[in-house]
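Order of appearance sets the numbers: ligands from 1, and atoms from 1 within every ligand.
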Amino acid sequence: MGSTDKETQVDSFFSNKTAKIFVAGHRGLVGSAIVRKLEEVGFTNLVLKTHQELDLTRQTDVEAFFALEKPHFVILSAAKVGGIHANNTYPADFIGINLQIQTNVIDASYRNGVKKLIFLGSSCIYPKFAPQPIQEDALLTGPLEPTNEWYAVAKIAGIKMCQAYRLQYGWDAISGMPTNLYGPNDNFHPQNSHVLPALIRRFHEAKVSDAKEVVVWGTGSPLREFLHVDDLADAVVFLMNKYSGLGHVNVGSGKEVTIKELAELVKEVVGFQGDLVWDSTKPDGTPRKLMDSSKLANLGWAPKISLRDGLVDSYKWYLENVKQ
Ligand SMILES: NC(=O)C1=CN([C@@H]2O[C@H](COP(=O)(O)OP(=O)(O)OC[C@H]3O[C@@H](n4cnc5c(N)ncnc54)[C@H](OP(=O)(O)O)[C@@H]3O)[C@@H](O)[C@H]2O)C=CC1
Ligand SMILES: C[C@H]1O[C@H](OP(=O)(O)OP(=O)(O)OC[C@H]2O[C@@H](n3cnc4c(=O)[nH]c(N)nc43)[C@H](O)[C@@H]2O)[C@@H](O)[C@@H](O)C1=O
């Protein structure tokens with residue numbers, strides 16, 4: 001093994017709280033949680049650009065931004081993101097936009113002297129029928145889940161690009177693979193969001209309109225692992241400080257529920273009294289994707305927020321920020 005493929009622990013990230021950090025996608029679910037976390041631990045020099053101010057798909061604009069700002073660290077949480085329906089409906093956007101954003105940001109970061117970058121992928125990078133819980137080395141061992149293969153291929157390319165730059169240039173680019181996330185600043189779109197925010201909205205709207213039933217997609221049997229985004233942000237900052245290695249790192253809660261159990265829990269938290277109806281014309285997606293996050297646990301990190309507490313927090317955020 002050469003020096004570039006060793007997994008080492010470093011502590012340089014926390015040593016200078018005035019270091020300039022570019023958080024790409026800072027208004028999204030993940031980016032906003034990372035900004036909260038960085039501010040909480042005392043970082044004072046964050047560079048933040050809205051999509052309108054800097055379109056990360058535009059290579060020349062990204063290069064000009066990095067040449068001007070010269071950030072020390074980059075947290076790449078900008079991406080084209082959506083749930084099962086959006087992934088299945090807009091395959092060109094999910095592969096094209098994500099390849100463009102990540103290629104531009106990773107390459108410009110390296111060329112402009114960024115000390116360290118973290119790229120965020122997703123648990124959907126793994127084969128549809130990967131052995132459970134899914135270890136990092138299951139990557140590229142089998143066919144992907146068709147509903148999100150375009151997004152997954154882009155994310156796999158992002159991991160490989162970080163690895164290639166580490167191998168060729170000795171550059172410190174790492175990758176974290178979060179499981180399904182939720183929390184403040186989530187996307188509550190009725191069709192294009194992920195299941196948890198979609199159900200919060202649907203159950204809430206059914207409650208206020210006194211509807212008799214709520215339609216939930218698929219069969220209810222798929223299993224999913226959920227992590228509150230504040231836990232994810234904590235893990236990202238932890239990895240920036242503690243981890244430097246070639247291999248990507250799973251970031252999960254280690255707890256899974258069926259979609260039926262999730263729907264019952266959302267129903268209870270929202271306080272909807274009616275029935276659930278299953279729309280089996282909608283895709284289930286991957287039957288199960290529980291990640292093995294022991295690599296991260298062995299580095300010393302653990303999640304703190306339970307699904308019930310996180311759900312209560314998300315519903316509160318929805319009531320205060322989204323509902324009309
Ligand atoms: N949500 C989840 O369950 C999971 C998310 N992840 C990963 O976490 C990361 C962040 O996801 P999440 O926070 O949920 O996504 P969001 O959609 O909430 O946020 C994405 C952010 O990226 C910005 N963005 C998108 N396109 C561009 C662009 N062309 N130029 C500049 N900014 C852009 C968006 O700005 P705007 O809205 O203005 O377009 C937004 O601020 C992604 O890499 C995703 O793959 C991984 C696993 C699960
Ligand atoms: C994070 C991850 O997110 C996506 O994968 P997914 O885990 O399948 O995400 P999902 O949250 O959209 O669905 C989870 C399950 O829930 C069911 N389901 C029920 N009712 C609704 C519903 O109303 N909306 C949605 N979206 N799903 C519903 C749905 O049928 C499925 O069985 C990837 O595309 C990929 O982008 C990715 O990385």
To which protein heavy atom is [atom] closest, and what is the distance rounded to 0.1 Å?
| atom | value |
| --- | --- |
| atom 29 (N) of ligand 1 | Asp55 OD1, 2.9 Å |
| atom 20 (C) of ligand 1 | Ala79 O, 3.7 Å |
| atom 19 (O) of ligand 1 | Gly28 CA, 3.3 Å |
| atom 31 (C) of ligand 1 | Leu54 O, 3.4 Å |
| atom 30 (N) of ligand 1 | Leu56 N, 2.9 Å |
| atom 17 (O) of ligand 1 | Val81 CB, 3.9 Å |
| atom 8 (O) of ligand 1 | Val30 CG2, 3.6 Å |
| atom 38 (O) of ligand 1 | His51 CB, 3.3 Å |

Do side-chain atoms of [X] reach the backbone of [Y] as a donor and acceptor pair under 3.5 angstrom?
| X | Y | value |
| --- | --- | --- |
| Ser280 | Gly218 | no |
| Asp172 | Lys115 | no |
| Ser175 | Leu120 | no |
| Glu261 | Thr258 | yes |

Is ligand 1 under 4.0 Å from a heavy atom in the side chain of Leu181, in the backbone, in both, or in neither?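 The part of Leu181 near ligand 1 is both the backbone and the side chain.
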
Taking 4.0 Å as the limit for heavy-atom contacts, which would you say applies to Gln52 with ligand 1: side chain only, backbone only, both, or neither?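 The answer is neither.
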
Heavy-atom closest contact ([X] atom, [Y] atom, distance):
| X | Y | answer |
| --- | --- | --- |
| Thr179 | Met291 | N-CE, 3.5 Å |
| Leu140 | Lys160 | CD1-CE, 3.9 Å |
| Leu276 | Trp278 | CD1-CZ2, 4.2 Å |
| Phe188 | Pro197 | CD2-O, 3.4 Å |
| Leu76 | Gln102 | CD2-CA, 4.0 Å |

Looking only at heavy atoms of [X], does any of them come nearer than 4.0 Å to an atom of ligand 1?
| X | result |
| --- | --- |
| Gly121 | yes |
| Asn187 | no |
| Ile97 | no |
| Asp186 | no |
| Lys80 | no |
| Tyr151 | yes |
| Lys155 | yes |

Taking only Lys NZ, Arg NE, NH1 and NH2, and the carboxylate oxygens of Asp or Glu, determine whether [X] and [Y] approach each other closer than 4.0 Å.
| X | Y | result |
| --- | --- | --- |
| Arg308 | Glu268 | yes |
| Asp313 | Lys316 | no |
| Glu69 | Lys20 | yes |

Checking salt bridge (Lys or Arg N to Asp or Glu O under 4.0 Å) between Lys304 and each of Asp309, Asp231, Asp234, which is the one that passes?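 In the set Asp309, Asp231, Asp234, the residue that makes a salt bridge (Lys or Arg N to Asp or Glu O under 4.0 Å) with Lys304 is Asp234.
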
Salt bridge (Lys or Arg N to Asp or Glu O under 4.0 Å) contacts in which one or both residues fall within residues 39-54, not counting sequence neighbours: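 Passing the test, one end in residues 39-54: Lys37-Glu40.
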
Strictly inside 4.0 angstrom of atom 1 (N) of ligand 1, do you find any protein heavy atom?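 Flag for atom 1 (N) of ligand 1 set to true, protein heavy atom closer than 4.0 Å.
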
Within-cutoff protein neighbour (heavy atom, under 4.0 Å) for atom 34 (C) of ligand 1: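 There is no protein heavy atom less than 4.0 Å from atom 34 (C) of ligand 1.
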
At less than 4.0 angstrom from any non-hydrogen atom of [X], what atoms of ligand 1 do you find?
| X | value |
| --- | --- |
| Leu29 | 1 (N), 13 (O), 14 (O), 18 (O) |
| Leu120 | 43 (O) |
| Thr179 | 47 (C), 48 (C) |

Residues that Arg288 engages under salt bridge (charged side-chain N to carboxylate O under 4.0 Å, His left out), provided they are two or more places apart: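 Salt bridge (charged side-chain N to carboxylate O under 4.0 Å, His left out) check on Arg288 returns Glu256.
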
Apply the hydrophobic cluster definition, ILVMFWY joined by side-chain contacts under 4.5 Å directly or through others, and give me every member besides Tyr151.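 Tyr151 shares its hydrophobic cluster with Val81, Tyr90, Phe94.
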
Please step through salt bridge (Lys or Arg N to Asp or Glu O under 4.0 Å) for the pair Lys212 and Asp275, ending with a clear verdict. CA-CA 6 Å; Lys212 298 282 170 280; Asp275 299 322; over 6 Å; no

Can you confirm if the aromatic rings of Phe203 and Tyr315 lie within a centre distance of less than 6.0 Å?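 When the ring centroids of Tyr315 and Phe203 are compared, they turn out to be at least 6.0 Å apart.
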
Please confirm whether Ile101 comes within less than 3.5 Å of ligand 1 when only nitrogen or oxygen atoms on both sides are compared.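 Among all N and O atoms of Ile101, none is under 3.5 Å from an N or O of ligand 1.
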
N or O contact, Ala78 vs ligand 1, cut-off under 3.5 Å: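 Between Ala78 and ligand 1 (N or O atoms, distance only) the closest approach is not under 3.5 Å.
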
Under a 4.0 Å heavy-atom cut-off, what residues line ligand 2?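 Those residues closer than 4.0 Å to ligand 2 by some heavy atom are Gly82, Gly83, Ile84, Asn87, Ser122, Cys124, Asn148, Tyr151, Asn180, Ser193, His194, Val195, Ala198, Arg202, Val216, Trp217, Pro222, Arg224, Ile259, Pro283, Asp284, Lys289.
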
